[in-house]
Amino acid sequence: MRLSRRSCLKAMGGLLAAGVAAGPLGQMARAAGSGGRLVVAVQDNPPQLDPLRLTTNVAFRVLENIYDRPLGQSAASSGVARKGLAVAHRQIDPTTFEIVLRDGVIFHDGGLMTAEDVAFTFGPERMNTGGMPGVAIGRQFFGGLARVATEGDRVVRFVTSAPDPLFEARLSGWASQVISKSAFLAMNGDWDRWAAAPVGTGPYKVAEMRTGSVIRLVAHDRYWGGRPQFDEIEFRIVPEVAARVNGLAAGDWRLATELGTDQIPLVEKRPGLEIAGGPIMNMRVLNFGTRAGGPLADVRIRRALGLAIDRQLIVDALFGGRLDVPHGYQWPAYGDMYIEEADRPRFDPEAARRLLAEAGYDGTPIPYRSQVNYYTAELQTAQVLVEQWKAVGLNVVLKVVENWNQVFAQPEDAIFNGSINMVLPDVMGSLWPLYGPSGFIQKQAIAWQNEIFDALGPKLATMTDRAERRAAHARVLEIFGHDDPPGTVLHANGIFYGKDQALDWQASQTPAMYFGPRTGDAVA
């Protein structure tokens, strides 16, 4: 029986009410538009600050303020408009790319950035040496880089092992954050100490990091782009969304992240407060543990799980219709690589029942691991999903866990929550880093593997013919959407913020929260 909008909302009523602060909200203590200390209430913080060691939403949020990249970013492509460390760049031949660096860029520790620092950032000692903590992510994003050379203090030349149609985008994307060579080597192999206090060139530097509590950044007074607007920024963990909203209203902080849509009216009706944010270039997905046996090893059961989900009901009931359901594992920002004709995941409970009968599914329990509120409305979404699966005969058992270690516990034979960020406008900058042979799903979670997808990756990395690349993209969507799904798309992700109206800050189309000087939409 299909879950109706009415029954869904009735079932969720108690949970939604639990997120609403009791009693009237306190009057906001207004602060100046800039300067001083900015406190941001967040649901979680990254456990460390090295971009080569994690690619998570909470890492994107904080690290955007600590580092710069060689090439700039535009608001249209990333949602964060800022210039890069290079003043010029050119492609010399199909495998050679050159940049000219800004003069006078100062690291957080007072050192002068040179071409040697940039070459070291991308060099084999940091990115491609076995045993180094960042080698997995380094190889995902720059595995095709054959060598990096300097010409004087300001020119860096990159040579790839084969033509790379995405190399320019890579120099403005994740894993391209420039670090100080001398500061990195001074740690003498204590990479955890480095990850707690890295040295970059960004508008803010790390002052304090207390795991599970707070990350505090202070202004980099010698920032090449001009002094940032705040003296310091504190990302303070406040796990409960109702507490984040109450603290916002009381003036304890000026920004609160990851508000549920049920909290939006509470913020909007308060004088001096407003809502920011919306859809971002990230999608919520479920992942399936297929490699440890159990029901999820059968592709028919995985297909049935996807067909049983009424995604539009979830979007309407839990997100107020503010998000949408994407056309598979892709984004329109892919440009000519976007497969317009790809279908959105369909809701077909009868087809789900037929697949379960064909598979001979006997009601064996399927575990589903979910945290409470890492994602907006995470637990509410999980509970709706369990009911929708139950309606077609799937026995999915929800297991609420406290942390990611429990989510990824072995054997990985469970459904588990996840999301995908578009860090580059291509499958090689979204699905490949997460699901490829060196990606988290295969390497750490040990949840899924597909030989055809694994073979397509190296081809996509070097294909320059647009028609061939488009055909390969379409094949990837077939694998992920039907042939051997590693999970299923739920909906476009969104982040909604509550903020002080006087705060001069704009939400981006990514999880990043940037508080440095704005540079317009031009990149350099």
Side-chain angles (χ1 to χ4, degrees), residues 40-46 51 54-65 69 73-82 169 172-174 235 241 244 255-261 263-264 267 274-287 311-312 314-316 318-335 338 344-345 371 373-378 380-381 417-427 429-431 433-434 487 489-499 503 505-516 518 521:
V40 184
V42 302
Q43 94 284 16
D44 198 6
N45 271 330
L54 74 176
T55 55
T56 61
N57 291 359
V58 293
F60 297 152
R61 170 193 293 151
V62 177
L63 272 58
E64 190 67 36
N65 300 283
R69 300 167 171 89
Q73 302 163 284
S74 71
S77 64
S78 71
V80 179
R82 57 188 298 189
S172 66
W174 196 256
F235 296 93
V241 64
R244 295 199 292 275
L255 258 176
T257 72
E258 269 81 19
L259 270 60
T261 53
Q263 299 284 346
I264 289 176
V267 174
E274 64 184 3
I275 293 294
I280 61 173
M281 286 183 281
N282 172 284
M283 66 179 70
R284 272 281 283 116
V285 299
L286 300 175
N287 291 299
R311 295 163 179 82
Q312 194 60 50
I314 290 172
V315 165
D316 291 343
L318 297 182
F319 298 93
R322 294 172 184 255
L323 306 175
D324 61 12
V325 179
H327 289 256
Y329 289 79
Q330 59 171 347
W331 286 266
Y334 283 5
Y338 182 70
R344 289 184 171 90
Q371 297 180 81
N373 61 1
Y374 181 87
Y375 298 108
T376 301
E378 181 174 13
Q380 294 97 317
T381 299
N417 290 339
S419 70
I420 302 172
N421 280 293
M422 190 197 76
V423 293
L424 296 174
D426 191 270
V427 64
S430 53
L431 300 185
L434 183 60
V489 171
L490 287 180
H491 52 75
N493 215 348
I495 299 180
F496 302 98
Y497 306 88
K499 67 180 285 287
L503 177 63
W505 174 79
Q506 296 177 353
S508 78
Q509 298 170 46
T510 75
M513 298 182 74
Y514 178 63
F515 297 100
R518 295 198 190 116
D521 200 48

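Computed from a prediction, not measured in an experiment: that's the story for all the values here. Only this structure's heavy atoms are used, side chains among them; waters, hydrogens and symmetry mates stay out.
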Closest heavy-atom pair and its distance - [X], [Y]:
X    : Y    : answer
V267 : G498 : CG1-CA, 4.2 Å
V489 : P345 : CB-CG, 4.1 Å
G494 : T376 : O-OG1, 4.1 Å
R69  : E64  : NH1-OE2, 3.2 Å
P46  : L54  : CB-CD1, 4.1 Å
P511 : I280 : CG-CD1, 3.9 Å

Drop me the distance from [X]'s [atom1] to [Y]'s [atom2], to the nearest 0.5 angstrom.
X    : Y    : atom1 : atom2 : answer
Y338 : D426 : OH    : CG    : 14.5 Å
Q509 : N282 : CD    : CG    : 12.5 Å
M513 : N57  : CE    : CG    : 12.5 Å
L490 : L323 : CG    : CG    : 11.5 Å
L318 : T381 : CG    : OG1   : 5.0 Å
L503 : E274 : CG    : CD    : 8.5 Å

For L424, all residues meeting side-chain contact (heavy atoms from CB on, under 4.5 Å), sequence neighbours excluded: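 side-chain contact (heavy atoms from CB on, under 4.5 Å) check on L424 returns A169, R170.
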Test side-chain contact (heavy atoms from CB on, under 4.5 Å) applied to T55 - qualifying residues, sequence neighbours left out: F60, I137, F141, W174
For [X], which residues count as a ring pair (Phe, Tyr, Trp, His ring centres under 6.0 Å) partner, sequence neighbours excluded?
X    : value
W505 : Y497, F515
F319 : H491
F496 : none

Would you call [X] and [Y] a side-chain contact if the rule is heavy atoms closer than 4.5 Å?
X    : Y    : value
N417 : L286 : yes
L434 : I420 : yes
L259 : I275 : yes
Q312 : V325 : yes
N421 : T510 : no
Q43  : T257 : yes

Run the side chain to side chain donor-acceptor pair (under 3.5 Å) test against [X] and tell me which residues pass, sequence neighbours left out.
X    : value
D44  : none
R344 : H327
R311 : T488
S430 : Y334

Pairing residues for R284 by the salt bridge (charged side-chain N to carboxylate O under 4.0 Å, His left out) criterion, not counting sequence neighbours: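 If we apply the salt bridge (charged side-chain N to carboxylate O under 4.0 Å, His left out) test to R284, skipping adjacent residues, there are no hits.
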Residues in salt bridge (charged side-chain N to carboxylate O under 4.0 Å, His left out) contact with E258, at least two apart in sequence or another chain: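 Per chain and number, E258 pairs via salt bridge (charged side-chain N to carboxylate O under 4.0 Å, His left out) with R61.
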Donor-acceptor contact present, side-chain N493 to main-chain S419, <3.5 Å: no
Listed once per pair and sorted, the salt bridge (charged side-chain N to carboxylate O under 4.0 Å, His left out) pairs that draw on residues 507-516, sequence neighbours left out: none
